[in-house]
**Q** 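Supplied in structure tokens, the structure appears directly below.
Throughout, numbering of the chain's residues begins at 1 and tracks the sequence. As a basis for the values below, the full set of heavy atoms in this structure was taken, side chains included, without hydrogen atoms, waters or symmetry mates. If you're wondering where the values come from, they're calculated on a predicted model, not measured in any experiment.
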Amino acid sequence: EKTPDDMLDEPITGSGMILAEGAFSGSGSYQVSGKALILEQNGTKFLRLENFSASNGPDLKVYLSRDRSASSFITLGSLKSVSGNQNYALTGMPDLAEYPYALIWCQQFGVLFGAANLK
């Protein structure tokens, strides 16, 4: 089991198509950097965090959201690591155009750590 302190480097196998991408920026005193990509590969869509780095915090989650304030969002799971490449499966997803933000969110305290606008 990985902890958010571990460095991940989950690879992409084969070729995929980039559906949307954006660069992360931190919020307030939190540092978040790297790219967020929505990829489709062999009929499966996923969110990929590349060259990712974030401030550590409690209960960090990865969301797809309608806005930066997480007023309407889909939880993709716990952040696997505060650094490195990582993939999050998008199964049974609604129209991705309705969720143009990838967020790193502290669920416990309701705080935005960083966001990427997916275009």
Side-chain angles (χ1 to χ4, degrees):
E1 180 76 15
K2 299 278 185 194
T3 68
D5 292 325
D6 290 333
M7 170 93 171
L8 288 186
D9 190 23
E10 293 184 337
I12 296 177
T13 56
S15 61
M17 181 171 62
I18 297 174
L19 303 177
E21 64 182 299
F24 274 105
S25 60
S27 177
S29 62
Y30 303 107
Q31 301 295 317
V32 179
S33 63
K35 287 175 82 173
L37 303 114
I38 301 289
L39 299 172
E40 184 170 6
Q41 184 176 33
N42 301 325
T44 301
K45 293 178 185 171
F46 59 96
L47 173 70
R48 178 167 174 82
L49 308 184
E50 280 194 343
N51 301 315
F52 180 77
S53 178
S55 299
N56 204 353
D59 200 23
L60 294 180
K61 304 293 183 192
V62 179
Y63 292 170
L64 283 183
S65 180
R66 292 183 190 261
D67 54 39
R68 291 174 53 96
S69 62
S71 62
S72 178
F73 63 90
I74 298 163
T75 304
L76 301 181
S78 294
L79 183 68
K80 295 175 183 179
S81 176
V82 293
S83 60
N85 300 329
Q86 31 200 303
N87 304 319
Y88 298 85
L90 305 176
T91 56
M93 294 298 300
D95 182 2
L96 292 173
E98 295 181 21
Y99 295 88
Y101 292 93
L103 305 181
I104 306 303
W105 190 269
C106 172
Q107 190 170 1
Q108 181 178 356
F109 295 106
V111 174
L112 175 66
F113 269 50
N117 189 356
L118 302 167
K119 298 178 182 179

**Q** Would you give the length of the straight line joining atom CG of L47 to atom CD1 of I38, rounded to the nearest 0.5 angstrom?
**A**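 Rounded to the nearest 0.5 Å, the CG-CD1 separation comes to 4.5 Å.
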**Q** V32, Y99: one ILVMFWY side-chain cluster at the under-4.5 Å cut-off?
**A**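 Hydrophobic grouping puts V32 with Y99.
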**Q** Starting from the C-alpha separation in whole Å, work towards a yes-or-no answer on side-chain contact (heavy atoms from CB on, under 4.5 Å) for L103 and F73.
**A** CA-CA 9 Å; L103 305 181; F73 63 90; 5.6 Å; no
**Q** For K35 versus E21, what's the shortest heavy-atom pair and its separation?
**A**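 Reported closest heavy-atom pair: NZ-OE1, 2.9 Å.
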**Q** Donor-acceptor pair, S55 side chain versus Q31 backbone, under 3.5 Å?
**A**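 Checking the backbone N and O of Q31 against the side chain of S55, a donor-acceptor pair under 3.5 Å is found.
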**Q** Is there a side-chain contact between S53 and F24 in this structure, where contact means two heavy atoms from C-beta onward sitting under 4.5 Å apart?
**A**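 Sidechains of F24 and S53: no contact.
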**Q** Would you call L49 and Y88 a side-chain contact if the rule is heavy atoms closer than 4.5 Å?
**A**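 Yes. Closest side-chain heavy atoms under 4.5 Å.
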**Q** Can you name the closest pair of heavy atoms from R68 and A115 and give their distance?
**A**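 Smallest heavy-atom distance, with atoms named: NH1-CB, 3.4 Å.
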**Q** For S33, which residues count as a side-chain hydrogen bond (donor to acceptor under 3.5 Å, both in side chains) partner, sequence neighbours excluded?
**A**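 Not a single residue meets the side-chain hydrogen bond (donor to acceptor under 3.5 Å, both in side chains) criterion with S33.
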**Q** With the side chain counted from C-beta on, respond yes when N85 and R48 share a heavy-atom pair under 4.5 Å apart, and no when they do not.
**A**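 With C-beta onward as the side chain, the pair touches.
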**Q** Return the CG to CG distance between L39 and N87, rounded to the nearest 0.5 Å.
**A**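 Nearest 0.5 Å value for the CG-CG distance: 7.5 Å.
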**Q** Quick check on side chain to side chain contact (heavy atoms under 4.5 Å, CB included): which of L60, L112, L79 does C106 satisfy it with?
**A**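 Testing C106 for a side chain to side chain contact (heavy atoms under 4.5 Å, CB included) against L60, L112, L79 leaves exactly one candidate, L60.
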**Q** For the residue pair L64 and L118, establish whether any side-chain heavy-atom pair is separated by less than 4.5 Å.
**A**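 Result yes, sub-4.5 Å side-chain heavy-atom pair found.
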**Q** Identify the heavy atoms of A116 and A36 that sit nearest to each other, and give their distance.
**A**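 That would be CB-CB, 3.9 Å.
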**Q** Taking the side chain as C-beta and beyond, is there a heavy-atom pair between D67 and S72 under 4.5 Å?
**A**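 A side-chain contact is absent here, since even the closest heavy-atom pair is not under 4.5 Å.
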**Q** Would V82 and V62 show up in the same hydrophobic cluster when neighbours are defined by side-chain heavy atoms closer than 4.5 Å?
**A**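 As far as the 4.5 Å side-chain criterion goes, V62 and V82 are connected within one cluster.
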**Q** Of W105, Y30, F52, which is the lone residue that meets ring pair (Phe, Tyr, Trp, His ring centres under 6.0 Å) with F113?
**A**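 Answer after filtering W105, Y30, F52: Y30.
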**Q** Do you know which two heavy atoms are closest between E40 and K45, and how far apart they sit?
**A**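 Taking E40 first and K45 second, the nearest heavy atoms are OE1-CE, 3.9 Å.
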**Q** Do L90 and I74 belong together in a cluster built from hydrophobic side chains that touch within less than 4.5 Å?
**A**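 Cluster IDs for L90 and I74 match.
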